[in-house]
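For reference, the structure is listed below as structure tokens.
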There are 2 protein chains.
Amino acid sequence: MAKLTSLKSEKRLLDRQAADGIRTHILEGILPAGGRLLETQLSEELEVSRGTVRAALAQLAREGLVQQVAFTRWQVSETSPRDAWELYTLRAALEGLAARLAAEHGVAADHKRLKSTVAELTRAVKDKRFEDVTDIDFRLHQEIVEIAKHRRLAEQHGFIMQQVRFHMVHSGFFPKDYAALVDEHAALIGAVIERQPDLAEQLAKSHNEAEVKLLAAHTEENPRTVTAS
Amino acid sequence: MAKLTSLKSEKRLLDRQAADGIRTHILEGILPAGGRLLETQLSEELEVSRGTVRAALAQLAREGLVQQVAFTRWQVSETSPRDAWELYTLRAALEGLAARLAAEHGVAADHKRLKSTVAELTRAVKDKRFEDVTDIDFRLHQEIVEIAKHRRLAEQHGFIMQQVRFHMVHSGFFPKDYAALVDEHAALIGAVIERQPDLAEQLAKSHNEAEVKLLAAHTEENPRTVTAS
DNA sequence: TGATGGTTGATCGTCAGCAATCGCGGAGGG
DNA sequence: CCCTCCGCGATTGCTGACGATCAACCATCA
């Protein structure tokens, strides 16, 4: 018998839906970094009350995508090099833990899924479908976190990755050395599957440290190109 | 249950104040784990509207102290052994990063402050002022995080530590081997001051791993003593 | 006796309006 | 010409009321 999916998960509360809508706009770069958000305007566009919009914005503020200036304004977060550094160092620490736990607790089904995703990644690189590469890259890291079976870790990692995506969109930074990217991921997944926690943690960290250096270099070369609307 | 006092006299944002009031009550163990929170009751005690209380509860939910069951209830979070494991593993990862950064970036003034706090800790243990020991312990770790100069790390660490406190209060777990506690902290601070990032990270992690094992043992021996209201 | 269905009281989710606060532009003086 | 001060418009903060939803209880029936 096919499982009945819970209806509760489907029933999105209005403020969550509003947050989703605004979040999507921000992550797609439609709203510029530092851009102002008006409660009234959002409530009209989303066709909900201002109170609901306020709840949604508060949620997004907790996720780090928007900032509140009390009594004055809401604005989309800025993306400074310092932010990038914070995101990648924190990401390295979290993914290091995730990789360790995944290597310790992963079962055969998990390993199969990881192998499959790595294969996808390899194919996408070979076919030069570079937009897909980024998505698969994100998904691969998310799968490792899921295997770690650590609720708080998963939540934090999700927020960080969201901000990483945000930063990539607004800074125009994307990975370049795709061959190295595939190698690093393959090595990391290999360590997880072969149950080598120490190695997995180490690889996850060095993978992120390599990226933060590339990103820092990129940000120095390409100062902010804000497209205020 | 002790009363929550009115907020009307102060000047900060009302919803933050409300969150502070409720948070204090939870962390002091006045509200039992799993205990129910009524929006109307809280709004009467704090003398603010229900909407403000809702904003405060949403913030506390983000901090992990309360949980929401949609359309049904707010309740103080439960504390399971699994939660303890999550908190300490995550704490180890975050403090590992913090110790590394502190060892890399700390200046003379930072070192002085750390030494002073370690001295305080040593004295408190020698004098057997065990309530103070816990507070100083928390403060010492917070100082390391501050020296790391990492906004997101500090924020996350603060939330985790808050939940650790909460868990300690509700599970009745407190450190026992105070001599080892002093030694471990002294070694950690020593590594930070002597600018040995790798060693500092390692010590911070092992310090936490030692605690999680003690806590797991304690939780097994003392099954939950829930005092539901 | 146990299960089922309807009713009810309580609680949460949302809304529209009023009050508090801030930034900005213009008037006035040096 | 520049600086300071002040009033106004715009925006956010907060509230009370209304509508939606749920858990618990009780009557009914196989």
Side-chain angles (χ1 to χ4, degrees), chain A residues 4-23 25-26 31-32 34-63 65-78 228-229, chain B residues 1 4-23 25-26 31-32 34-62 65-78 228-229:
Chain A
L4 291 164
T5 58
S6 168
L7 298 175
K8 211 163 231 174
S9 57
E10 234 177 280
K11 175 165 49 181
R12 312 285 305 180
L13 260 26
L14 222 42
D15 57 349
R16 309 295 172 88
Q17 288 187 50
D20 291 344
I22 301 170
R23 186 188 300 114
H25 264 61
I26 293 177
L31 296 165
R36 188 167 189 180
L37 297 160
L38 299 191
E39 293 181 0
T40 328
Q41 181 185 335
L42 289 172
S43 79
E44 281 175 16
E45 290 180 9
L46 297 168
E47 296 182 357
V48 294
S49 80
R50 255 189 62 223
T52 306
V53 169
R54 277 179 74 74
L57 288 173
Q59 170 64 23
L60 294 176
R62 287 175 218 128
E63 294 176 13
L65 294 181
V66 308
Q67 295 171 331
Q68 179 179 34
V69 183
F71 294 104
T72 305
R73 60 195 291 172
W74 295 91
Q75 63 188 30
V76 180
S77 296
E78 309 270 2
S229 70
Chain B
M1 162 175 3
L4 293 160
T5 58
S6 168
L7 306 169
K8 278 283 163 62
S9 52
E10 309 196 16
K11 284 162 205 156
R12 305 188 33 234
L13 251 43
L14 227 41
D15 56 352
R16 309 294 173 87
Q17 290 185 51
D20 291 344
I22 302 170
R23 176 169 38 234
H25 264 61
I26 293 177
L31 296 165
R36 190 164 185 184
L37 297 161
L38 290 318
E39 291 183 358
T40 45
Q41 181 186 337
L42 290 172
S43 78
E44 281 175 18
E45 291 184 9
L46 298 167
E47 295 184 12
V48 295
S49 80
R50 252 191 63 226
T52 306
V53 169
R54 275 179 75 72
L57 288 173
Q59 170 64 23
L60 294 177
R62 162 84 179 97
L65 294 181
V66 308
Q67 295 171 331
Q68 179 178 36
V69 185
F71 293 104
T72 304
R73 59 201 265 164
W74 294 91
Q75 64 187 30
V76 181
S77 296
E78 307 269 3
S229 71

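In this text the structure is predicted, and so the values were computed from the model without any measurement. The sequence lines fix the lettering, A, B, ..., with proteins before strands; numbering per chain opens at 1. Side chains are part of it too, since the values below use all heavy atoms of this structure and drop only hydrogens, waters and symmetry mates.
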### Task
Remember a base hit wins even if backbone is also touched, and classify A/Leu37 as base, sugar-phosphate or nothing at under 4.0 Å, heavy atoms.
sugar-phosphate
### Query
For the residue pair A/Gln59 and A/Ala19, what are the closest heavy atoms and their distance?
CG-CB, 4.4 Å
### Query
With sequence neighbours left out, what residues match A/Ala70 under side chain to side chain contact (heavy atoms under 4.5 Å, CB included)?
B/Leu13
#### Entry: Near-strand residues of residues 66-76 of chain A, defined as heavy-atom separation under 4.0 angstrom from DNA chain C
A/Phe71, A/Thr72
### Query
Taking the side chain as C-beta and beyond, is there a heavy-atom pair between A/Ile22 and A/Leu46 under 4.5 Å?
yes
### Query
Taking all atoms of both residues into account, what is the closest heavy-atom pair of B/Trp74 and B/Ala58, and its distance?
CH2-N, 4.0 Å
### Message
Quick check on C/dG13: is either OP1 or OP2 less than 4.0 Å from any side-chain nitrogen or oxygen of A/Thr52?
### Response
no
### Task
Tell me, please, which residues at least two apart from A/Ser49 pass side chain to side chain contact (heavy atoms under 4.5 Å, CB included).
A/Thr52
#### Entry: Rounded distance (Å) that lies between atom P of D/dT15 and atom CD of B/Glu47
10 Å
### Query
B/Arg36 has an atom CZ; how far is it from atom P of C/dA10, in whole Å?
12 Å
#### Entry: Sub-4.5 Å side-chain heavy-atom contact between B/Leu65 and B/Arg23
yes
#### Entry: For A/Glu45, all residues meeting side chain to side chain contact (heavy atoms under 4.5 Å, CB included), sequence neighbours excluded
A/Gln41
### Task
Kindly say whether, by distance alone, the side chain of A/Arg16 makes a donor-acceptor pair under 3.5 Å with the base of C/dG13?
no
### Message
For B/Arg54, give me all partners under salt bridge (charged side-chain N to carboxylate O under 4.0 Å, His left out), at least two apart in sequence or on another chain.
### Response
B/Glu39
### Task
Calculate the interatomic distance between B/Arg50 atom CZ and D/dG13 atom C1'; express it in whole Å.
17 Å
### Message
Counting only side-chain heavy atoms from C-beta out, which of C/dC15, D/dT12, C/dT14 sits nearest to A/Arg54?
### Response
D/dT12
### Task
Name every residue in residues 38-45 of chain A that has at least one heavy atom under 4.0 Å from any atom of DNA chain D, in order of residue number, or write none if there are no such residues.
A/Leu38, A/Glu39
